[in-house]
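So that the names make sense, note that chain A is the first sequence line, chain B the second, and so on, each numbered from 1.
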Number of protein chains: 2
Amino acid sequence: MNVETSQPDVRSRILVEATRLFAERGYNGTSIQAVSESVGIRRPSLLYHFKSKADLRDAVLANMLTYWKDALPSILTAATSGGDRLDRALSAMAAFFVEDPNRARLINREMLDRPEPMGELFRENLRPWTGLLTGYIRMGQEAGSVRADLDPEAWTLQMIMAAIGAVAVGPVGGHMLSEHPSVERQLRELVRTAKASLFNPRPPAQTSEVS
Amino acid sequence: MNVETSQPDVRSRILVEATRLFAERGYNGTSIQAVSESVGIRRPSLLYHFKSKADLRDAVLANMLTYWKDALPSILTAATSGGDRLDRALSAMAAFFVEDPNRARLINREMLDRPEPMGELFRENLRPWTGLLTGYIRMGQEAGSVRADLDPEAWTLQMIMAAIGAVAVGPVGGHMLSEHPSVERQLRELVRTAKASLFNPRPPAQTSEVS
DNA sequence: CCTACCGATCGGTAGG
DNA sequence: CCTACCGATCGGTAGG
């Protein structure tokens with residue numbers, strides 16, 4: 001596994017392996033020894049790049065947040081650009097997690113392990129974007145296209161969490177049923193559920209800005 | 001019999017503390033030392049009741065499954081006894097987790113930590129009951145009351161996972177939004193979402209609110 | 001249910 | 001990026 005071809009600097013290789021292992025086995029279930037072995041170096045070498053295990057965790061989380069901050073704007077902007085594009089926005093969010101299921105698993109784990117720090121992270125980085133979405137939903141309610149009894153914040157949160165849950169633990173939960181729905185099937189139903197629960201049954205004709 | 005101290009046998013006290021700690025900090029984040037301290041005994045004493053840490057985990061899981069098997073039938077029977085009782089069924093499921101959030105957290109953690117064993121557990125214990133529900137949904141589809149494009153398995157799974165997620169990590173996710181929805185609010189919206197996405201919109205009545 | 005003790009592994013440091 | 005070494009904690013056993 002280890003060769004002199006350690007070109008893609010060691011630090012980022014450590015990050016990749018740590019992300020994978022933390023997502024799969026959890027922070028407490030992963031020794032830095034295991035991480036360094038996956039990279040092909042010795043433990044002290046890893047500790048040269050990251051002062052401590054906690055430091056490595058923070059770096060892993062910060063690194064992932066980069067992807068979030070990169071992906072979310074385009075996802076949520078898509079959602080606010082037209083009624084019929086909601087499914088594309090939800091699909092984009094789903095695709096973000098499906099692309100690498102470990103993203104969903106890691107977030108799920110960290111939410112369980114360290115609620116407060118994760119809450120803080122969400123607050124600082126994601127809030128502006130979700131605010132955009134809930135604001136747009138409220139506009140839809142005033143316009144009559146979105147159900148009046150819908151709770152914008154709770155609805156938004158539910159859809160995000162459902163996408164994470166479907167990817168992170170969906171396949172396991174699937175065993176509750178005789179016919180295990182694939183993650184794709186679960187996400188397809190999520191989109192259907194989202195649309196059916198968001199829009200009014202017979203929206204007042206609202207297709208004026210069709211592309 | 002012992003009268004001085006109200007000690008409902010040590011074994012179950014160990015189970016209670018272990019359940020709490022496993023749910024809060026995870027299996028790998030909890031030492032049997034910590035469990036025994038919570039109970040007020042020494043570690044070797046705990047190991048007299050449970051041969052190993054893995055043994056303790058199995059017992060905790062089996063113990064919780066008892067509650068599930070006790071609660072699920074009544075929940076799902078309620079769901080199949082009438083169209084308008086769906087919300088009561090969902091509320092019952094939600095209440096089961098709200099009553100002790102650690103139930104949701106523990107299940108979430110175990111699904112992440114040990115997918116296969118948990119899948120097996122679900123398969124053996126929960127499948128009959130969910131089959132009842134999906135069968136009923138299919139009947140509703142044939143009768144026309146339930147949306148034809150709904151995926152019964154995926155829909156059922158989504159609602160169960162959403163309830164677990166809302167209780168286990170909902171409060172953390174709430175920080176994504178400027179106005180944190182309480183767990184109660186999240187579950188209320190879950191019920192609304194479930195109904196709106198399950199049933200067909202009312203047959204075109206005379207009301208003409210369409211512009 | 002306890003005291004006493006075990007080897008293995010943990011995260012981390014010294015020093016080059 | 002390495003070898004060598006550290007104290008602390010881990011799960012578990014002996015034996016009463």
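Pairing for D:dG12 is with C:dC5, a Watson-Crick or G-U wobble pair whose two hydrogen-bonding atom distances lie under 3.5 Å.
For the pair A:Arg13 CZ and D:dC1 C1', the interatomic distance rounds to 12 Å; values are reported in whole Å. Residue B:Gln33 contributes atom CD, which lies 16 Å from atom C1' of C:dC6 at whole-angstrom precision. Here C:dG15 presents its P atom at 21 Å from CZ of A:Arg42, a figure rounded to the nearest Å. Summarising the geometry, the separation between CG on A:Leu46 and C1' on D:dC2 is reported as 14 Å, rounded to the nearest angstrom. Taking atom CD of B:Glu37 as the reference point, atom C1' of D:dC10 lies 13 Å away to the nearest angstrom. Separating the CG atom of A:Asn28 from the P atom of D:dT9 is a distance of 15 Å, rounded to the nearest angstrom. Nucleotide D:dT9 holds its P atom 15 Å from the CD1 atom of B:Ile32, rounded to whole Å. For the pair A:His49 NE2 and C:dT13 P, the interatomic distance rounds to 16 Å; values are reported in whole Å.
A:Thr66 and A:Asn63 form no side-chain donor-acceptor contact under 3.5 Å, judged by distance and modelled atom types alone. With no hydrogens or angles considered, no side-chain donor-acceptor pair links B:Thr193 and A:Trp155 at under 3.5 Å. In this structure, a donor-acceptor pair under 3.5 Å is absent between the side chains of A:His49 and A:Arg11. Under the 3.5 Å distance criterion, with hydrogens and angles disregarded, a donor-acceptor pair is assigned to the side chains of B:Asn102 and B:Arg105.
In the set D:dG11, D:dC2, C:dG12, the nucleotide with an atom closest to the side chain of B:Lys53 is D:dG11. For B:Pro44, whose side chain is taken as the heavy atoms from C-beta onward, the closest listed nucleotide among C:dT3, D:dG11, C:dC1 is C:dT3. You'll find that the side chain of A:Ser31 is closest to C:dG11, out of D:dT13, D:dC1, C:dG11. Proximity note for A:Leu47 (side chain, C-beta onward) versus D:dC10, C:dG12, C:dC10: the nearest is C:dG12. Comparing atom distances between the B:Arg43 side chain and each of D:dG12, C:dC2, C:dC10 picks out D:dG12 as nearest.
Applying the 4.0 Å criterion to OP1 and OP2 of C:dC2, one finds that B:Ser45 has a side-chain N or O inside that range.
Annotation: B:Trp68 is in aromatic contact with B:Phe97 [ring centroid separation under 6.0 Å].
Residues B:Lys51 and A:Tyr48 each lie close to DNA chain D; by heavy-atom proximity, the contact nearer the 5' end of the strand is made by A:Tyr48.
Among the heavy atoms of the strands, none lies under 4.0 Å from A:Ser36.
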